[in-house]
Amino acid sequence: MALKLRNTMSRSMETFEPLEPGRVLVYGCGPTVYDHAHIGNFRAFLFYDLVHRYLEWSGYEVRFVVNLTDVDDRTIRGAVAEGVGIAEHTGRFAELFLADSGALGIRPVDAYPRATEYVDRMVEFITRLLDSGHAYVAEDGAVYYSIARFAEYGRLKGIDLSTLRAGARVAQDEYEKEDARDFALWKAATDEDERAGAAWDAPWGRGRPGWHLECSVMSTTELADTIDLHLGGEDLVFPHHENEIAQSEAATGEPFVHYWLHVKHLLVDGRKMSKSLGNFFTVRELVDQGFDPASIRHQLISAQYRKELNFTLEGLEASKNAIQRLVDFESRLDALSTDAEAARTDLPTLADDLLEEFRVAMDDDFNSADALAALFTFVNRVNGALDGRPTVRAGDRDAALGALGSVDAVLGLLEVARASRAIGDELAAHVEERIRARAEAKRQRDFAAADAIRDELAEQGIVLEDGPDGTRWKVVR
RNA sequence: GGCGCCGUAGCCAAGCUGGUAAGGCAGAGGACUGCAAAUCCUCGAUCCCCGGUUCGAGUCCGGGCGGCGCCUCCA
């Protein structure tokens with residue numbers, strides 16, 4: 001069995017074969033750090049995380065790079081509006097992005113290169129394209145890539161260049177281009193650029209790099225001329241990735257990327273997310289409203305990455321409950337007492353089944369929805385096997401916990417849920433004290449008092465569970 | 001206009017190379033409990049419509065209807 005991927009380039013499923021056995025190079029187009037990233041962005045980044053974790057889970061050594069776009073129209077505009085330099089402006093949002101990523105359990109990748117740190121290399125890159133005749137300096141001081149010089153242009157998107165309506169969308173200030181469809185590698189500096197500190201010297205004139213260029217340069221610099229996977233949102237297929245291919249392959253003479261994977265855009269309340277529709281959410285807002293990051297993570301991976309996913313508060317509520325079921329399940333396993341003499345159970349078999357079903361699901365182009373189904377099927381089966389059986393063999397319990405942990409090393413749900421449920425020692429001690437008081441009340445059959453304590457703790461998000469061997473408690477959110 | 005996706009139970013969502021349908025949430029009944037919580041058991045689908053291929057189609061083909069996305073330096 002092997003991992004199969006839907007390659008945008010071939011428009012079909014392909015069996016994944018790394019360039020180098022056991023090793024995978026991945027590049028994911030990151031956020032433009034001009035504002036808070038929203039949950040739509042995070043659907044994509046959570047998918048990156050799934051790819052990252054699953055490749056490692058599958059035994060690959062992975063080098064994963066996600067760029068931070070810190071120089072473009074929006075970051076410059078933002079910096080000028082704030083009256084600060086571009087670095088200060090974008091630095092703040094880069095931090096917020098990493099913080100939100102961390103909250104959602106997105107594992108840090110190997111490098112987060114920022115465009116502004118690669119300007120020298122971008123200049124070199126452009127020089128190569130100029131030398132080979134793939135680019136030209138226009139009268140306005142900009143450097144454009146000449147797509148007429150790249151025969152394969154349009155292949156990723158599957159467009160026939162001759163059908164492109166030349167000139168249909170040409171801005172008036174772009175009359176310097178030889179061909180309307182040529183794109184900028186370098187833009188001449190404007191006053192605004194200078195004010196934001198977003199202008200650099202280059203042999204052909206002062207200016208700043210074009211957007212598409214950074215990914216080509218950072219990918220080839222941080223990874224290699226040819227990499228295995230390149231990820232991005234569906235909007236990036238054209239022209240961004242198309243342009244990256246053209247630039248990179250013209251500059252290096254090597255294939256740029258083996259597999260292109262694109263994430264479908266998230267819908268919110270059945271519509272494209274937009275501020276004007278009022279369906280615009282950031283992770284921070286949702287967390288401030290009391291939603292568990294684990295719930296957000298669950299909701300955003302509940303559909304396979306190429307499928308339509310409609311984010312709603314109702315759905316988030318459902319995810320919250322699903323997460324709680326997982327948390328309760330793990331607690332139940334943890335609390336199991338063990339005895340070498342206990343009867344054998346199906347847990348080892350069920351654990352093997354889970355790992356197998358999980359692998360099959362993820363191997364099928366990262367079908368996280370199916371992977372979640374495998375996990376919950378496991379929960380059901382194990383709960384059933386454990387019914388009325390508080391004691392099992394240590395090996396059985398460990399097999400179940402091991403499989404659960406293994407799967408969660410990819411899904412990251414329990415990992416995040418645990419973090420958001422952690423409470424301080426002081427509160428924990430208080431809870432224990434109240435539970436003792438309640439036990440005493442129960443002993444005296446003063447159920448009103450016992451229930452009052454239970455209600456009081458519930459107010460604080462602490463739920464009590466009475467069992468044969470005493471009262472257990474858990475944090476609910 | 002170009003490219004593409006989707007339409008499966010109240011909601012979300014799997015279903016590979018065709019053989020009468022995973023999982024989550026919500027809901028109903030029951031068991032357990034002082035009451036709860038957790039858990040278990042039981043209960044739910046004309047798979048958008050119409051044709052076609054086939055012994056047999058959610059699953060393939062054709063045609064409709066409906067929804068959505070990208071094509072704009074938006075993941």
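Residue numbers begin at 1 in each chain, while the letters A, B, ... track the order of the sequences. In this text the structure is predicted, and so the values were computed from the model without any measurement.
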Visitor: Considering heavy-atom distances to RNA chain B, does A:Asn367 or A:Val463 have its closest nucleotide positioned more toward the 5' end?
Guide: A:Asn367
Visitor: Determine the interatomic distance between P on B:rU59 and the same-named atom on B:rG15; round to the nearest Å.
Guide: 14 Å
Visitor: Any base atoms under 4.0 Å from A:Asp451, or only sugar-phosphate, or nothing? Heavy atoms, all strands.
Guide: base
Visitor: Have a look at A:Gly30 and say if it touches a base, only the backbone sugar-phosphate, or nothing, with a 4.0 Å heavy-atom cut-off.
Guide: sugar-phosphate
Visitor: Give a yes-or-no answer on whether the side chains of A:Tyr118 and A:Glu222 include a donor-acceptor pair shorter than 3.5 Å.
Guide: yes
Visitor: With a non-hydrogen cut-off below 4.0 angstrom, is A:His38 in contact with a base, only sugar-phosphate, or nothing?
Guide: base
Visitor: Return the value, rounded to whole Å, for the distance between atom CD1 of A:Ile462 and atom P of B:rA38.
Guide: 15 Å
Visitor: Centroid-to-centroid, A:Phe45 to A:Phe97, below 6.0 Å?
Guide: yes
Visitor: For B:rG44, what is the paired nucleotide under Watson-Crick or G-U wobble rules, both distances under 3.5 Å?
Guide: none
Visitor: Just checking A:Arg155: base, sugar-phosphate only, or nothing, at a heavy-atom cut-off of under 4.0 Å?
Guide: nothing
Visitor: Can you establish whether the number of heavy atoms outside A:Asp191 located under 6.0 Å from its atom CG is more than 12?
Guide: no
Visitor: Would you measure the distance from the C1' atom in B:rU20 across to the matching atom in B:rA9 and give it in whole Å?
Guide: 16 Å
Visitor: Do A:Glu317 and A:Asn321 have a side chain donor and acceptor closer than 3.5 Å?
Guide: no
Visitor: Encode nucleotides 21-31 of chain B as B, S and - characters from 5' to 3', where the letter depends on protein heavy atoms closer than 4.0 Å: B to the base, S only to sugar-phosphate, - to neither.
Guide: -BSSSS-----
Visitor: Spell out protein contact along nucleotides 3-9 of chain B as letters: B when the base is contacted, S when just the sugar-phosphate is, - when no protein heavy atom is under 4.0 Å; keep the 5' to 3' order.
Guide: SBSS---
Visitor: Against A:Lys442, only a single residue in A:Asp451, A:Ile453, A:Asp466 fulfils side-chain contact (heavy atoms from CB on, under 4.5 Å); can you say which?
Guide: A:Asp466
Visitor: Kindly indicate, with the supporting measurements, whether the criterion salt bridge (Lys or Arg N to Asp or Glu O under 4.0 Å) is fulfilled by A:Glu440 and A:Arg443.
Guide: CA-CA 5 Å; A:Glu440 181 53 34; A:Arg443 218 173 351 259; 2.8 Å; yes
Visitor: So what does A:Leu236 hit on the nucleic acid, given a heavy-atom distance under 4.0 Å: a base, only sugar-phosphate, or nothing?
Guide: sugar-phosphate
Visitor: Rounded to whole angstrom, note down the P distance from B:rC60 over to B:rG7.
Guide: 11 Å
Visitor: So which nucleotide does B:rG1 pair with, by the Watson-Crick or G-U wobble rule with both distances under 3.5 Å?
Guide: B:rC71
Visitor: Report the nucleotide, chosen from B:rC74, B:rG34, B:rA75, that has the shortest atom-to-atom distance to any side-chain atom of A:Arg74.
Guide: B:rC74
Visitor: Return no unless some side-chain N or O of A:Arg454 is found under 4.0 Å from OP1 or OP2 of B:rA37.
Guide: no
Visitor: For A:Tyr305 and B:rA75, what is the distance between atoms OH and P respectively, to the nearest whole Å?
Guide: 19 Å
Visitor: Nearest to the side chain of A:Arg332, heavy atoms from C-beta on, is which of B:rA37, B:rU39, B:rA14?
Guide: B:rU39
Visitor: Within the 4.0 Å heavy-atom criterion, would you say A:Gly315 contacts the bases, only the backbone, or no part of the nucleic acid?
Guide: nothing
Visitor: Is there a donor in the side chain of A:Thr345 and an acceptor in the side chain of A:Asp396, or the other way round, less than 3.5 Å apart?
Guide: yes
Visitor: Are A:Asp292 and A:Arg421 ion-paired here, with the side-chain N under 4.0 Å from a carboxylate O?
Guide: yes
Visitor: Anything under 30° is parallel, anything over 60° is perpendicular, the rest tilted; go ahead and classify A:His262 against A:His241.
Guide: tilted
Visitor: Give the nucleotide from the list B:rA14, B:rG34, B:rC74 with an atom nearest to the side chain of A:Gln304.
Guide: B:rA14
Visitor: Could you check how far NE2 of A:His241 sits from P of B:rC71, rounded to whole Å?
Guide: 13 Å
Visitor: On a whole-Å scale, what distance lies between the P atoms belonging to B:rU53 and B:rC41?
Guide: 44 Å
Visitor: B:rA75 P sits how many Å from A:Trp260 CH2, rounded?
Guide: 16 Å
Visitor: When both hydrogen-bonding distances must be under 3.5 Å and the geometry is Watson-Crick or G-U wobble, what is B:rA9 paired with, if anything?
Guide: none
Visitor: In whole angstrom, what separates A:Phe281's CZ from B:rA75's P?
Guide: 19 Å
Visitor: Using heavy-atom distances to pick each residue's nearest nucleotide on RNA chain B, tell me which of A:Asn310 and A:Asp328 is more 5'.
Guide: A:Asn310
Visitor: Sort out the partner of B:rA37 for me: Watson-Crick or G-U wobble, both distances under 3.5 Å, none otherwise.
Guide: none
Visitor: C1' atom, B:rC16 versus B:rA22: distance in rounded Å?
Guide: 14 Å
Visitor: Starting at atom CG of A:Asp466, determine the distance to atom P of B:rU33, rounded to an integer number of angstrom.
Guide: 12 Å
Visitor: Do A:Tyr145 and A:His212 have ring centres separated by under 6.0 Å?
Guide: no
Visitor: Using only side-chain N and O atoms of A:His265, determine if any of them is under 4.0 Å from OP1 or OP2 of B:rC74.
Guide: no
Visitor: May I ask you to decide whether A:Asp346 forms a salt bridge with A:Arg381, counting only side-chain N to carboxylate O separations under 4.0 Å?
Guide: no
Visitor: Tell me which nucleotide, if any, is Watson-Crick or G-U wobble paired with B:rU17 when both distances must be under 3.5 Å.
Guide: none
Visitor: On a whole-Å scale, what distance lies between the C1' atoms belonging to B:rG4 and B:rC11?
Guide: 26 Å
Visitor: Please give, in whole Å, the distance from B:rA75 C1' to A:Asn67 CG?
Guide: 11 Å
Visitor: Select one nucleotide: of B:rG34, B:rC70, B:rA13, the one nearest the side-chain heavy atoms of A:Asp235.
Guide: B:rC70
Visitor: Which of parallel (below 30°), tilted (30 to 60°) and perpendicular (above 60°) describes A:Phe281 and A:Phe311?
Guide: tilted
Visitor: Could you work out the separation of B:rC25 and B:rG44 based on their C1' atoms and round it to a whole Å?
Guide: 14 Å
Visitor: Write down the distance separating the P atoms in B:rC5 and B:rU17, rounded off to the nearest Å.
Guide: 14 Å
Visitor: Under 3.5 Å for both donor-acceptor distances, Watson-Crick or wobble: does B:rG51 have a partner, and if so which one?
Guide: B:rC61
Visitor: Base, sugar-phosphate or nothing for A:Leu267? Non-hydrogen atoms, less than 4.0 Å.
Guide: sugar-phosphate
Visitor: Measure from OH on A:Tyr34 to C1' on B:rA75 and round the result to the nearest Å.
Guide: 11 Å
Visitor: Is it true that a side-chain atom of A:Asp370 and a backbone atom of A:Ala361 form a donor plus acceptor pair closer than 3.5 Å?
Guide: no
Visitor: Using a 4.0 Å heavy-atom cut-off, does A:Thr69 contact any base of the nucleic acid, only the sugar-phosphate backbone, or nothing at all?
Guide: nothing
